[in-house]
Amino acid sequence: MQTTPIRILLADDHEIVRVGLAAQLGLLGCYEFVHAWSLTTLLQAAAQPPGCDLAIVDVYMPGMGAGQGLASLCEAHPHLPLIILSGASTLPHASQWRRWPSVRAILHKSGPLDGLRAAIDLALAGAAPSPASIALPAPDVWGHLDALAALSARVARVARLAAQGLSNAQIAGELGLSEGSVKQYLKQAFRELGVMNRTQLSLLLNTTPMP
């Protein structure tokens, strides 16, 4: 039985980024890509049948403005999951974008490809019409960089192991700690990084470039 490819709308004004990203993601899953390079072509591509399952959008393409273009896309296609991908060093409007339910992740272009793949999987899971699906709030990568750098070495190590999927008992054995200490370090990491659970922690740490 042939698997129906997932249609991903890649919107970036640099062709080399779109083509390179499509080539790399094509090695990781059954994807079909639609390309856009401005707000106009983005809106046109999103409206074109049969539609797309997910959009990966550079918010600083021509015509996007200071978030107005993204707002137009969200209003026209509220059920289209979005991953914001940018190479900018700062995103002053990120907190505003996070309030839109369709925005599932905010990633930096210098982040690892596996992190983008994880964000794609989570975004698609959140968009699925299933009672079990959970739409996670988008991690504000730039807002967390200072917090990541400020973590103590022990808290950062515990957080990294938890993000890799290790249980509290496994982390305790790895670092020679009690499980109670691991729980306390994790609570501290959650609080300082502004995440609520291990899933959000994993998404943040696996998609954020290290400071």
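All of these numbers come straight from a predicted model, not from anything done at the bench. Throughout, numbering of the chain's residues begins at 1 and tracks the sequence. All values below come from the heavy atoms of this structure, side chains included, with hydrogens, waters and symmetry mates left out.
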Co-membership, hydrophobic cluster, residues Val17 and Ile56, 4.5 Å side-chain = no
Linking I/L/V/M/F/W/Y whenever their side-chain heavy atoms sit closer than 4.5 Å, directly or via other members, would Leu28 and Leu85 fall into one cluster?
-> yes
Applying side chain to side chain contact (heavy atoms under 4.5 Å, CB included), run through Val59 and Ile106 and close with a yes or a no.
-> CA-CA 10 Å; Val59 290; Ile106 303 175; over 6 Å; no
Indicate the atoms forming the closest heavy-atom contact of [X] with [Y], along with that distance.
X	Y	result
Gly69	Leu39	O-CD1, 3.6 Å
Ala22	Phe33	O-CE1, 3.4 Å
Ser102	Pro78	CB-O, 3.7 Å
Phe190	Arg198	CZ-N, 3.8 Å
Val103	Cys74	CG2-SG, 4.5 Å
Ala46	Leu73	CB-CD1, 4.1 Å

Answer whether the closest heavy-atom distance between the side chains of [X] and [Y] falls below 4.5 Å.
X	Y	value
Tyr185	Ile171	no
Val57	Met64	yes
Asp53	Ile8	no
Gln48	Val34	no
Leu25	Leu116	yes
Leu70	Leu82	yes

[atom2] on [Y] to [atom1] on [X], rounded to 0.5 Å:
X	Y	atom1	atom2	result
Arg117	Gln24	CZ	CD	12.5 Å
Ser178	Lys183	OG	NZ	9.5 Å
Met61	Thr41	CE	OG1	6.0 Å
Ile83	Leu9	CD1	CG	11.5 Å
Glu179	Gln184	CD	CD	13.0 Å

With sequence neighbours excluded, give me every salt bridge (Lys or Arg N to Asp or Glu O under 4.0 Å) pair touching residues 7-24.
-> Arg7-Glu32, Asp12-Lys109
Non-neighbouring partners of Gln188 that pass side chain to side chain donor-acceptor pair (under 3.5 Å), sequence neighbours left out = Glu192
For Leu175 and Leu161, run side chain to side chain contact (heavy atoms under 4.5 Å, CB included): C-alpha distance rounded to whole Å, both residues' side-chain angles, the deciding distance at 0.1 Å, then the answer.
-> CA-CA 10 Å; Leu175 301 181; Leu161 292 175; 3.9 Å; yes
Check whether more than 12 heavy atoms from other residues, nucleotides or ligands sit under 6.0 Å from atom CD1 of Ile16, and answer yes or no.
-> no
Any donor-acceptor pair under 3.5 Å linking the side chain of Arg154 with the backbone of Leu151?
-> no
